[in-house]
Number of protein chains: 2
Amino acid sequence: MDSTVVNLKSKLEIYKAMTGGGNLADCPVRDVIQGLNGKWSSLLTAALAEQPYRFGELRRLVPDISQRMLTQTLHELQRDGYVHREVFPTKPPSVEYSLTDLGRSMFGALQHLLQWAELNHDAVREARKGFDTAQA
Amino acid sequence: MDSTVVNLKSKLEIYKAMTGGGNLADCPVRDVIQGLNGKWSSLLTAALAEQPYRFGELRRLVPDISQRMLTQTLHELQRDGYVHREVFPTKPPSVEYSLTDLGRSMFGALQHLLQWAELNHDAVREARKGFDTAQA
DNA sequence: GGGTGTCGGTCTCAAAAAGAGACCAGCACT
DNA sequence: AGTGCTGGTCTCTTTTTGAGACCGACACCC
């Protein structure tokens, strides 16, 4: 199927889905997106899409995340079913995090946005620069 | 191009792009994604992808956004080059917001994630329910 | 046996962000 | 003169995030 057709066909439907047909407070699409909106969610998902990692490995891999937010974000991702957490009875015990099937499926969709960002970050930077100088 | 091939080919590259090759603090991909991570960014982009809206129309369309966050989010989206803001000299003056070409391009990528959320929100809900009952 | 290190966290406190809602100027209409 | 609409801003409170100290359990070294 041609992707342009997909875009044109579903634009309105997506918007309707996000507004929940009048039931905004309980809209499932916004609810799901909300869980991915966190500052660290996409980065950690991208890391785990590459390969499973242990807690400490993730911490070293993303040095500017606090241990507190790493714990919390992984917990949320696990709760939403994207991430599997497995404890190995080593001494001291080690904990491995990996993507579930649902997580891999979700990352397949997220990936488009990440790729777009990679391709277009210079355009965004440019826009910001122009806007900021226009303001001053 | 087959989308499966795209996934397999770029998984590692995307992660590398997000970690910025060691230059995490200044990573452009994370920088761009960050601007889309706000609570209201994707919803407002989806609304404007449907059609241009005026400030008050958006406020009525999304009743649970505060006026403060609506102003602020639109300002950020404008700064990043996704949204065009036009003031019409009516009395009282009206302000119309619309997507730029860059904004439409970005929405094309974002759309995949929104569609995924629409298709899979029941799986996520299910995962949450299971997790919460397992915790208790 | 005492000191040190690793593991995956939790706890507390300060800073930043978001939400709620009052307030504003300018003009039209009545 | 009073009311309403426009698109905001200002202030205050609550929530979220960040920084960093602390924790138990065990291994390893001496």
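Residue numbers start from 1 in every chain, and the chains themselves are labelled A, B, ... in the order their sequence lines are given, proteins ahead of strands.
Salt-bridge annotation for A/Asp122 and A/Arg125: absent, with no side-chain N of the basic residue lying under 4.0 Å from a carboxylate O of the acidic one.
Heavy-atom nearest nucleotides on DNA chain C were determined for B/Ile65 and for B/Pro93, and the one closer to the 5' end corresponds to B/Ile65. Looking at which nucleotide of DNA chain D each of A/Lys91 and A/Met69 is closest to, the 5′-most match is held by A/Met69.
When each of D/dG8, C/dA28, C/dG19 is scored by its nearest atom to the side-chain atoms of B/Ser66, the top-ranked nucleotide is C/dG19. Nearest nucleotide to the side chain of A/Pro92, out of C/dT10, D/dG7, C/dC7: C/dC7. Of the listed nucleotides (D/dG18, C/dG19, C/dA18), C/dA18 has the atom at the smallest distance from the side chain of B/Gln72. Of the candidate nucleotides D/dG18, D/dG7, C/dG19, D/dG18 has the atom nearest to the side chain of A/Lys39. The side chain of A/Arg68 sits closest to C/dT12 out of C/dT12, D/dT11, D/dT6. Picking from D/dG7, D/dG8, C/dG9 the nucleotide with the shortest atom distance to the side chain of B/Ser94 gives D/dG7. Out of C/dG9, C/dA28, D/dA25, the shortest distance to the side chain of A/Thr71 is found at C/dG9.
Using a 4.0 Å heavy-atom cutoff across all strands shown, B/Phe88 reaches no nucleic acid atom at all.
Distance CD (B/Glu57) to P (D/dG7): 8 Å, rounded to an integer number of Å. In this structure, the CD atom of B/Gln34 is 11 Å from the P atom of D/dT17, given to the nearest Å. Taking atom CD of residue A/Gln67 and atom C1' of nucleotide D/dC22, one finds them 11 Å apart after rounding to whole Å. With rounding to whole Å, A/Asn37 atom CG is found 11 Å from C/dA18 atom P. In this structure, the CG atom of B/Leu70 is 13 Å from the P atom of D/dT6, given to the nearest Å. In this structure, CG of B/Leu74 is placed 11 Å from P of D/dG7, rounded to the nearest angstrom. With rounding to whole Å, A/Trp40 atom CH2 is found 13 Å from D/dA19 atom C1'. Rounded to an integer number of Å, the gap from CZ of B/Phe55 to P of D/dG7 is 7 Å.
Below 30°, between 30° and 60°, or above 60°: for A/Trp116 and B/Tyr82 the angle between ring planes is between 30° and 60°, a tilted geometry.
Using a 4.5 Å cut-off between side-chain heavy atoms of Ile, Leu, Val, Met, Phe, Trp and Tyr, with links allowed through other members, A/Leu99 and A/Val87 fall into the same hydrophobic cluster.
Here A/Arg59 does not reach the OP1 or OP2 of C/dT6: none of its side-chain N or O atoms lies under 4.0 Å away. Contact between the side-chain N/O atoms of B/Tyr53 and the OP1/OP2 oxygens of D/dG7 is not found at any separation under 4.0 Å.
Here the side chains of B/Asp132 and A/Arg79 are in contact, with some heavy-atom distance below 4.5 Å. Proximity of B/Leu58 to B/Leu74: side-chain heavy atoms (C-beta onward) are separated by under 4.5 Å at one or more points.
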